[in-house]
Visitor: 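Before anything else, here's the structure in question.
Please read all numbers here as calculations on a predicted model, not as lab measurements.
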4 protein chains.
Amino acid sequence: MVNSANRKYDKILQSAIEIISEKGLEKTSISDIAKKANVAQGTFYLYFRSKHALIPAIAENLLQLLLKKIKNRSNGKEDFWEILYIIIDETFETTKEYKEVLVLCYGGLAFGYSMETWEAIYSPYYQWFENVLSKAINNNQIVQINVEWHAKMMINLIENVAERLYIAKDHGNTLEETKQELFHFLKRSLTHNPS
Amino acid sequence: MVNSANRKYDKILQSAIEIISEKGLEKTSISDIAKKANVAQGTFYLYFRSKHALIPAIAENLLQLLLKKIKNRSNGKEDFWEILYIIIDETFETTKEYKEVLVLCYGGLAFGYSMETWEAIYSPYYQWFENVLSKAINNNQIVQINVEWHAKMMINLIENVAERLYIAKDHGNTLEETKQELFHFLKRSLTHNPS
Amino acid sequence: MVNSANRKYDKILQSAIEIISEKGLEKTSISDIAKKANVAQGTFYLYFRSKHALIPAIAENLLQLLLKKIKNRSNGKEDFWEILYIIIDETFETTKEYKEVLVLCYGGLAFGYSMETWEAIYSPYYQWFENVLSKAINNNQIVQINVEWHAKMMINLIENVAERLYIAKDHGNTLEETKQELFHFLKRSLTHNPS
Amino acid sequence: MVNSANRKYDKILQSAIEIISEKGLEKTSISDIAKKANVAQGTFYLYFRSKHALIPAIAENLLQLLLKKIKNRSNGKEDFWEILYIIIDETFETTKEYKEVLVLCYGGLAFGYSMETWEAIYSPYYQWFENVLSKAINNNQIVQINVEWHAKMMINLIENVAERLYIAKDHGNTLEETKQELFHFLKRSLTHNPS
DNA sequence: GATGAATGAGTGTTCATTCAT
DNA sequence: CATGAATGAACACTCATTCAT
């Protein structure tokens with residue numbers, strides 16, 4: 001039962017992600033999603049309170065996926081800069097695949113959802129990265145900073161640069177150059193030596 | 001003729017900005033906008049091809065406003081850091097007032113509009129700031145950087161931090177602290193002295 | 001299920017026929033039809049793709065009705081002239097009742113629908129009448145003619161004379177006289193004896 | 001003045017005919033017509049009471065054109081069958097060029113206009129043909145018939161066969177065959193010799 | 001006569017959501 | 001749990017018509 005139920009929940013969620021990726025939220029109807037998930041329209045409402053309720057669920061799903069990948073790749077690494085690069089790299093990868101959906105997630109539609117919901121979703125990511133930052137401070141790899149604020153800001157920045165890249169196709173800069181530019185921009189700030 | 005026409009265009013645009021600020025784009029109907037602008041619904045379509053066409057028009061309007069304020073305040077200033085602070089300050093002010101609308105502008109709804117449209121709107125801002133950065137490099141106020149890329153990224157970053165602040169009400173940090181944190185984060189990166 | 005669904009389809013169709021008969025297609029709104037059929041507006045679209053899709057459906061419905069009546073009355077009759085008169089008579093009767101709607105059907109709005117659709121609708125009527133004509137030829141009741149072309153042309157002619165009669169109220173000629181005139185016009189042509 | 005005014009009336013009328021021929025009445029807007037005629041929208045209403053008022057004006061225009069052509073070609077001819085063939089031929093030609101518009105004229109949209117309007121428009125054509133028929137009776141070229149009724153019916157029939165031909169592209173029959181079939185169908189009826 | 005900006009009523013259609021089965 | 005037929009509110013957009021200039 002639980003398995004079958006979960007399977008349906010997942011199927012609906014994945015269908016939603018796929019269709020919204022193609023057509024955007026506005027042009028995606030519950031009917032579309034239900035059809036793709038091979039369930040009746042009514043079934044959608046057994047798993048989601050409303051169409052809007054999809055957004056946090058999608059965000060959670062994709063963020064968990066991203067965090068898992070980052071953790072996997074940085075597992076065992078001690079060097080902060082390696083980890084930072086992995087974060088940039090994976091964020092760019094995920095953004096490439098799900099840009100339409102991600103824009104909904106950390107973009108405008110945040111409005112209308114309780115901030116708590118969003119905090120709850122991002123909180124594991126933020127906390128993990130705060131930890132990473134703290135360790136780097138302790139190891140003297142980076143300067144003293146407000147860990148909490150920088151965790152949020154940096155994650156946000158990386159996501160945004162990725163988004164812009166894939167929206168704008170940033171004429172002139174290649175993907176790898178952009179990653180490098182971003183990486184070094186952050187590195188300079190975090191390893192500042194006042195003259 | 002032109003004046004009266006422009007007056008109507010402006011009235012509709014301002015009404016749209018106000019109402020969308022309150023209710024969001026989706027929940028704002030053309031009827032709402034027309035009512036507030038004291039024109040007939042049909043008149044809306046004399047000035048805007050469609051509801052969607054509002055977004056770039058709003059973006060242009062607000063960005064011009066922001067740029068004007070920034071230029072005014074930084075007029076005559078030579079110190080890059082003063083100018084940077086003004087940019088941060090004014091961006092935060094504008095964001096505070098128009099957060100709902102701005103999210104539409106530099107947020108997700110970018111999709112679906114030709115990138116050229118957006119580039120055209122932001123281009124004056126980008127170019128002005130590229131100039132500011134170039135001068136700062138020449139004055140040795142900041143390090144050598146890719147001016148074009150950094151102009152875009154920095155403007156984007158400032159806008160995003162401002163947005164997040166007003167969406168999240170960033171528990172724990174005050175407005176001024178956030179501005180300072182952001183300012184110094186940027187300053188550190190731009191004045192990096194490798195050890 | 002099927003019954004209930006069919007019942008609703010029929011109810012909507014009949015309501016549409018009635019209202020369009022009164023007000024014409026343009027002035028008939030889906031709302032009107034739905035109200036008369038006692039269903040929600042949205043329900044209309046479960047059974048018809050669009051307002052336009054009503055026309056072929058109505059045509060099919062009325063033509064089936066007409067053909068049924070003609071077949072019933074001519075059932076067992078062998079004399080071609082009797083059958084021809086029945087066709088004229090029933091066409092006039094149906095036209096009298098549904099003139100507004102029929103005009104949409106075999107009149108101008110034919111444009112915009114695939115000819116195949118119309119052929120499919122009329123085809124049973126044409127084929128049946130081709131048969132009648134063929135038998136009449138074999139019985140030497142009428143002269144040798146191109147059965148296919150004459151079937152279409154004659155049905156068309158009868159419908160048109162009927163239409164004109166009820167539109168124009170043909171001053172001076174009574175209903176019965178018009179039928180007779182038409183009947184004899186056709187009879188003369190089909191029984192031609194060259195001098 | 002009168003000339004200039006007439007020129008504008010004609011320009012609007014011709015523009016209307018052309019556009020309606022392409023797009024149909026429903027999809028043709030006054031704005032379209034005005035644009036094509038190079039006049040302001042308001043000017044349309046100086047020459048036509050309403051959009052609907054176009055229809056009789058168009059009908060009159062095209063029918064006068066048709067009648068003129070028929071009269072020109074049959075001028076001096078004495079043989080009824082020659083004249084009948086000319087009528088068929090010219091009707092087919094005109095229908096070919098203006099089928100979309102003609103359908104509006106002698107088709108369904110007749111409804112809603114006073115029958116007197118239509119009678120007035122067709123009356124010159126009917127009367128001329130009644131005359132032709134009467135002469136043919138006197139010359140013993142055709143049998144005794146109700147001239148008034150047959151004039152209307154025959155003109156109507158010819159128009160309808162032409163319409164159908166160009167709508168349906170009457171598979172299998174060529175244009176010339178259809179004309180011949182129609183011609184002989186009428187001829188047989190009008191030269192009937194009872195056996 | 002001519003203009004064309006302004007009007008605002010009118011409508012087809014979509015779609016999130018419900019609920020009887 | 002699952003269905004999918006039914007709902008009906010909501011809305012962008014069109015366009016014939018008017019009228020001040």
Side-chain angles (χ1 to χ4, degrees), chain A residues 1-2 4-5 8-9 12 26-35 37-54, chain B residues 1-2 4-5 8-9 12 26-35 37-54, chain C residues 1-2 4-5 8-9 12 26-35 37-54, chain D residues 1-2 4-5 8-9 12 26-35 37-54:
Chain A
M1 283 298 182
V2 173
S4 139
K8 246 165 205 172
Y9 176 91
I12 292 170
E26 265 187 315
K27 303 209 164 182
T28 298
S29 67
I30 302 299
S31 156
D32 290 334
I33 297 171
K35 233 169 265 163
N38 265 326
V39 297
Q41 280 199 57
T43 305
F44 176 90
Y45 288 88
L46 294 177
Y47 295 95
F48 296 90
R49 199 188 303 273
S50 71
K51 190 189 186 184
H52 267 51
L54 272 173
Chain B
M1 282 297 184
V2 173
S4 141
K8 234 157 218 177
Y9 177 91
I12 292 171
E26 264 187 314
K27 302 210 164 184
T28 298
S29 68
I30 302 300
S31 155
D32 291 335
I33 297 171
K35 234 169 264 165
N38 265 326
V39 297
Q41 280 202 54
T43 306
F44 175 90
Y45 289 92
L46 291 178
Y47 296 95
F48 297 92
R49 203 186 301 276
S50 70
K51 191 187 185 184
H52 263 53
L54 274 173
Chain C
M1 284 296 184
V2 173
S4 143
K8 236 158 216 175
Y9 176 91
I12 292 170
E26 264 187 314
K27 303 212 161 183
T28 298
S29 68
I30 302 300
S31 156
D32 291 335
I33 296 171
K35 233 169 265 164
N38 265 325
V39 296
Q41 279 203 55
T43 305
F44 176 89
Y45 289 90
L46 292 177
Y47 295 96
F48 296 91
R49 202 186 302 274
S50 69
K51 191 187 186 185
H52 264 52
L54 273 173
Chain D
M1 283 297 179
V2 172
S4 142
K8 246 165 206 172
Y9 176 91
I12 293 171
E26 264 186 314
K27 303 210 163 181
T28 298
S29 66
I30 302 299
S31 157
D32 290 335
I33 296 171
K35 232 168 267 162
N38 266 325
V39 297
Q41 279 198 59
T43 306
F44 176 90
Y45 288 89
L46 294 176
Y47 296 95
F48 296 92
R49 198 188 303 275
S50 72
K51 190 188 187 185
H52 267 53
L54 273 173

Visitor: Atom CG of C/Leu46 to atom P of F/dT3: distance rounded to whole Å?
Guide: 18 Å
Visitor: So which heavy atom on C/Lys51 is nearest to which on C/Glu26, and how close?
Guide: NZ-O, 3.8 Å
Visitor: Could you tell me the separation between the CD atom of B/Glu26 and the P atom of E/dC15, rounded to a whole number of Å?
Guide: 12 Å
Visitor: To the closest 0.5 Å, what do you measure between CD1 (B/Ile30) and NZ (B/Lys35)?
Guide: 12.0 Å
Visitor: Polar atom pairs between nucleotides 17-21 of chain F and protein, under 3.5 Å, N or O only, would you list them?
Guide:
residue	atom	partner	partner atom	Å
F/dT17	OP2	D/Tyr45	OH	3.0
F/dT17	OP2	D/Lys51	N	3.0
F/dT17	O4	D/Gln41	OE1	3.1

Visitor: Partners of B/Ser50 by side-chain hydrogen bond (donor to acceptor under 3.5 Å, both in side chains), sequence neighbours excluded?
Guide: none
Visitor: E/dA6 phosphate, OP1 or OP2: any side-chain N/O from B/Thr43 under 4.0 angstrom?
Guide: no
Visitor: Who are the side-chain contact (heavy atoms from CB on, under 4.5 Å) partners of A/Ala37, not counting sequence neighbours?
Guide: A/Lys11, A/Ile12, A/Ser15, A/Val39
Visitor: Rounding to an integer number of Å, can you tell me how far A/Asn38 CG sits from F/dC1 C1'?
Guide: 17 Å
Visitor: Once you round it to whole Å, what is the distance between C1' of F/dG8 and CG of C/Asp32?
Guide: 16 Å
Visitor: Report yes if at least one side-chain N or O of C/Tyr47 is closer than 4.0 Å to OP1 or OP2 of F/dA5; otherwise report no.
Guide: no
Visitor: Report yes if a side-chain nitrogen or oxygen of A/Lys8 is closer than 4.0 Å to either non-bridging phosphate oxygen (OP1 or OP2) of F/dC1; otherwise report no.
Guide: no
Visitor: Whole Å only: how far is the CD1 atom of B/Ile33 from the C1' atom of F/dC11?
Guide: 12 Å
Visitor: Under a cut-off of 3.5 Å for both distances of each Watson-Crick or G-U pair, what dot-bracket string does DNA chain E give, using [ ] for crossing pairs and | for inter-strand pairs?
Guide: .||||||||||||||||||||
Visitor: Considering non-hydrogen atoms only, spot the tightest contact between C/Ser31 and C/Gln41 and give its length.
Guide: CB-NE2, 3.7 Å
Visitor: What integer distance in Å separates A/Lys27:NZ from E/dA16:C1'?
Guide: 18 Å
Visitor: Applying ring-ring contact (aromatic ring centres under 6.0 Å, His included), can you list everything that pairs with B/Phe48, at least two apart in sequence or on another chain?
Guide: B/Tyr9, B/Phe44
Visitor: Measure the distance from CD1 on C/Ile12 to C1' on F/dA6 and round it to the nearest whole Å.
Guide: 11 Å
Visitor: How long is the gap from CG on B/Asn38 to OG1 on B/Thr43, to the nearest 0.5 Å?
Guide: 11.0 Å
Visitor: Contact class for B/Ser29 vs. all strands (heavy atom < 4.0 Å): base, sugar-phosphate, or nothing?
Guide: sugar-phosphate
